[in-house]
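Step one of this worksheet: look at the structure below.
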Amino acid sequence: MGELIYEGKAKQLYTTAEEGILRVAYKDDATALNGERREVFAGKGIRNNEITSLIFRYLAENGVKSHFVKQLSETEQLVREVEIIPLEVVVRNVLAGSLAKRLGRSEGEVIETPIVEFYYKDDALGDPFINDDHVLFLGAASAVEIETLKQEARKIGDVLTELFSKANITLVDFKLEFGRTKDGAILLSDEISPDTCRLWDKTTNEKLDKDVFRRNIGNLITVYDEVLTRLEEVTKHV
Ligand code: TMP
């Protein structure tokens, strides 16, 4: 079944018989506060795999390439092997979370031109917010790659904002990760799920994402299910 080569907070990565192709297995673990708080929610892995697979398929249909090859099972995908760029690329359409805190403003303010931010992926440092010059200094990405990451992030934001809007959901903000293929191309990687996005019901502003766990304000499985059902509904004729 392949060799386990990486285990993160929410996923495991295995080799496969095919060179350059890996198997991702989604776990039921939820973590917050940089891993300090951890809980297991039976069925979370299934939801995040289904949602991420649906979104990566939808993005491919809309011209966004990713590492996604195909969904293998309820909890597994096949993906292309990439070297992960150690940056979390966050796009913000509506003020919330750490940016609302940092700027001392209330959550919910619309950001007319989406803000793209970089965070340096380093658990020991708590994934600090960094700027383009820091990215260059750290050697995390080249100047050309920084521009590619920003362009791709904005494009993905446009496509996904429209998709979620059809599902009566506001895409408040989200986090992306990218990787390099052996030939140096940059591919969207990791996952896109309610673990990595803030999703608010358009009518009620109810939170439909991991904030229900982070802030202890609801049932994680119920809201992840709601997101999956709505996305399936709006993509079933695609
Ligand atoms: P933040 O407001 O806490 O900075 O989060 C911005 C977005 O990025 C939000 O949709 C949650 C997502 N995110 C992750 O997926 N992983 C992380 O480690 C962090 C800090 C945020």
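Only a predicted model underlies this, so the values are computations on that prediction, with no experimental measurement involved. In what follows, residues are counted from 1 in the order of the sequence shown. Note: hydrogens, waters and symmetry copies are ignored here, and every other heavy atom, side chains too, is used.
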CG on Leu54 to NZ on Lys236, rounded to 0.5 Å: 12.5 Å
Crowding at CZ, Arg180 (>12 non-hydrogen neighbours, <6.0 Å): yes
Thr170 side chain near Ser165 side chain, heavy-atom distance below 4.5 Å: no
Any donor-acceptor N or O pair under 3.5 Å, side chains Asp190, Thr196: no
Min side-chain heavy-atom separation Ile21-Glu81 under 4.5 Å: no
Within-4.5 Å side-chain heavy-atom neighbours: Val82 and Ser189: yes
More than 12 heavy atoms from other groups under 6.0 Å of NZ on Lys101: no
NZ or CZ of Arg198 within 45° of Phe174 ring axis and under 6.0 Å: no
Ion pair Lys27/Glu7, N-O distance below 4.0 Å: yes
Rounded distance [0.5 Å steps], NZ in Lys202 versus OG1 in Thr204: 12.5 Å
Note: Arg215-Glu107 ion pair, threshold 4.0 Å (strictly below): yes
Side chain to side chain contact (heavy atoms under 4.5 Å, CB included) partner of Leu160, the single match among Ile169, Leu59, Leu176, Asn62: Leu59
Spacing of CG belonging to Asn93 relative to CD belonging to Glu109, to within rounding of 0.5 Å: 13.5 Å
Donor + acceptor pair across side chains of Glu226, Tyr224 (<3.5 Å): no
Arg37 charged N/C atom sitting above Phe213 aromatic ring, 6.0 Å / 45°: yes
Leu22 reachable from Phe178 in the ILVMFWY side-chain graph, under 4.5 Å edges: no
Spacing of Leu199 atom CG and Ile51 atom CD1 [to the nearest 0.5 Å]: 8.0 Å
Gap between atom CG of Leu136 and atom OG of Ser142 - 0.5 Å precision: 8.0 Å
Residue Arg154 excluded, over 12 heavy atoms near CZ under 6.0 Å: yes
Distance in Å, Leu171 CG paired with Ile156 CD1, rounded so as to fall on 0.5 Å steps: 11.0 Å
Step-by-step salt bridge (charged side-chain N to carboxylate O under 4.0 Å, His left out) determination, Arg102 to Glu117: CA-CA 13 Å; Arg102 183 145 36 93; Glu117 300 173 335; 3.7 Å; yes
Residues Arg214 and Asp211 bridged, charged N to O under 4.0 Å: yes
Pairing of Lys175 and Glu177 as salt bridge, 4.0 angstrom limit: yes
Distance-only donor-acceptor check, side chains Asp195 and Ser193, under 3.5 Å: no
Centroid-centroid under 6.0 Å between His134 and Phe118 rings: no
Single hit among Glu76, Gln77, Gln71 for side-chain hydrogen bond (donor to acceptor under 3.5 Å, both in side chains) with Ser73: Glu76
Salt-bridge contact Asp201-Arg230 (side-chain N to carboxylate O under 4.0 Å): yes
Plane angle bin for Phe56 and His67 - parallel if under 30°, tilted between 30 and 60°, otherwise perpendicular: perpendicular
Shared hydrophobic cluster, Val223 / Leu228 (ILVMFWY, side-chain heavy atoms < 4.5 Å): yes
Ion pair Asp29/Arg38, N-O distance below 4.0 Å: yes
